[in-house]
Number of protein chains: 2
Amino acid sequence: MINNYKNKIISFYKKNKRMPVYTEIMKLVGFKSKNAVAKLVDKLISEGVLDKDSSGHLIPNKLIGEVPLLGLVEAGFPTMAEESVLDTMNIDDYLVKDKDSTYLLRVKGDSMIEAGIQEGDMVLAEKVSSEGSAGQKEVRDGDIVIALIDGGWTMKYYRNRTGKVFLEPANKNYQPIYPENELEVVAIVKGVIRKY
Amino acid sequence: MINNYKNKIISFYKKNKRMPVYTEIMKLVGFKSKNAVAKLVDKLISEGVLDKDSSGHLIPNKLIGEVPLLGLVEAGFPTMAEESVLDTMNIDDYLVKDKDSTYLLRVKGDSMIEAGIQEGDMVLAEKVSSEGSAGQKEVRDGDIVIALIDGGWTMKYYRNRTGKVFLEPANKNYQPIYPENELEVVAIVKGVIRKY
DNA sequence: AGTATAGGTGAACGCTCGTTCACCGTCAAG
DNA sequence: CTTGACGGTGAACGAGCGTTCACCTATACT
């Protein structure tokens, strides 16, 4: 029963992007008194499911919005007990550093297959500053970039080792691309997301 | 200046996992009157940065916590204008379906390299129900699984085509593993996360 | 010079918040 | 049969909420 309450509160949070207030929890779980909510909340807090901030408002704690981080895959799922969770992680915070210049794109084609980027994957790309803008990342040799080359868009390795700049696919079946006129690196790939 | 205010509010949200109330915004940006906050909030809402729910509380809108989703990588960064953003996406919601049975593990080794899973990647694994538990996913042939096989942990393809169950790596240098005694699939890999 | 306008102060409003207290039935242990 | 713990009701509280109104500058445009 108490787990049912917990799930309703978490559902509310996911739906409304904020924690419910006491009267909302009241209606959510079917209580007729706020005091019952207060006692429920106290219990959930002592169980580590919820948290309250200094002003009494509910806030999501680590168990909400974060994913338990176990160890290495070789070590397996250590005993499965709650105590074995090494840490928790917020995926968004892990991946997105500069919010204002990060974009997602879906990958088409297999030109980066040997870099572990497959068709259908999503890539997180951080925009390279076109002066004044937020992200002022510098492109380095070996970065995976999204570039505008001679009028066409593509995602490739950025190569600049010898001073001669070109784009290199991660697929033996394709050839490096040397720009005839234009090569503009628009974004640097900072992450890959795949869902099965 | 207004962008500075916006960032302070977003920082508050990321730090406290909830939106600030008016008096908190007041102190945050240095106002001395709540009315100034009300006017600021109105402007931010009309600019689409914030949202208010029916009870007047601030809630994060799509621009906070979600990442703009552009089109295919082949299509490039279309014009870069705000209008060209097709959609936004919450990475957590996209990846994590069953919160209570999802775990993250860091990948070691290269046995799944041909499946685009490299050493250092994070995998999202959904626990297979050990009866009564939440996730009741069924393991299917071709799934990438985390398994306990003859006492050792590993991540491999699950193969069950011919009725004979075994684990298959995605790396030509390794051989399929047939269980001598025990083969327990503990979790199914539902996603991969890589950060550069 | 005159005047809108944007952006701020300060005080007051009704309402809802989280908290607290007294109280009630159910159920299990002594 | 009594007792205590548990989980709930109902009412009341002060504090803080978002909102609103009157007012005060600067700045920019006639």
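By convention in this document, chain letters (A, B, ...) are assigned in the order of the sequence lines, proteins followed by strands, and residues within each chain are numbered from 1. In this text the structure is predicted, and so the values were computed from the model without any measurement.
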Rounded distance in Å - CZ (B:F31) to C1' (C:dT9) | 11 Å

What are the two closest non-hydrogen atoms of B:M155 and B:V189, and how far apart are they?
-> SD-CG2, 3.8 Å

Are A:I149 and A:V185 connected, step by step, through hydrophobic side chains (Ile, Leu, Val, Met, Phe, Trp, Tyr) whose heavy atoms are closer than 4.5 Å?
-> yes

For the pair made of NZ in B:K34 and P in C:dT9, what is the distance, rounded to whole Å?
-> 14 Å

Between the side chain of A:N171 and the main-chain N/O of A:N173, is any donor-acceptor distance below 3.5 Å?
-> yes

Is B:K39 touching bases, backbone alone, or none of the nucleic acid, heavy atoms closer than 4.0 Å?
-> base

Write down the distance between NE2 (B:H57) and C1' (C:dT16), rounded to a whole number of angstrom.
-> 8 Å

Test of ring centre spacing under 6.0 Å for A:F31 and A:Y5 | yes

For A:S55, which contact category applies under a 4.0 Å heavy-atom criterion: base, sugar-phosphate, or nothing?
-> nothing

Separation of C:dT16 atom C1' from A:M19 atom CE, nearest Å, is 20 Å

Any A:K52 side-chain nitrogen or oxygen under 4.0 Å from OP1 or OP2 of C:dC17 = no

B:K195 to A:Y94, cation-pi by 6.0 Å centre distance and 45° axis angle | yes

To the nearest Å, give me how far apart CE (A:M26) and C1' (C:dT19) are.
-> 15 Å

Determine yes or no for a side-chain-to-main-chain donor-acceptor pair under 3.5 angstrom, with B:E114 supplying the side chain and B:K172 the backbone.
-> yes

Start at the 5' end of DNA chain D and walk down; is the nucleotide closest to B:N35 or to B:L58 reached first?
-> B:L58

Rounded to whole Å, the OH-P distance (B:Y22 to C:dC15) equals 18 Å

Using chain A heavy atoms and a threshold of under 4.0 Å, write down where along DNA chain D the contacts begin and end, 5' to 3'.
-> D:dG7 to D:dG10

Count the heavy atoms of every other residue, nucleotide or ligand shown that sit under 6.0 Å from NZ of A:K8, and state whether that count exceeds 12.
-> yes

Starting from P on C:dA6, measure out to CD on B:E47 and report it in whole angstrom.
-> 13 Å

Could you check how far NZ of A:K27 sits from C1' of C:dT16, rounded to whole Å?
-> 11 Å

B:Y5 side chain near C:dG8 phosphate (N/O to OP1/OP2, under 4.0 Å) | yes

Between B:G30 and A:V21, the residue closer to the 5' end of DNA chain C by nearest nucleotide is B:G30

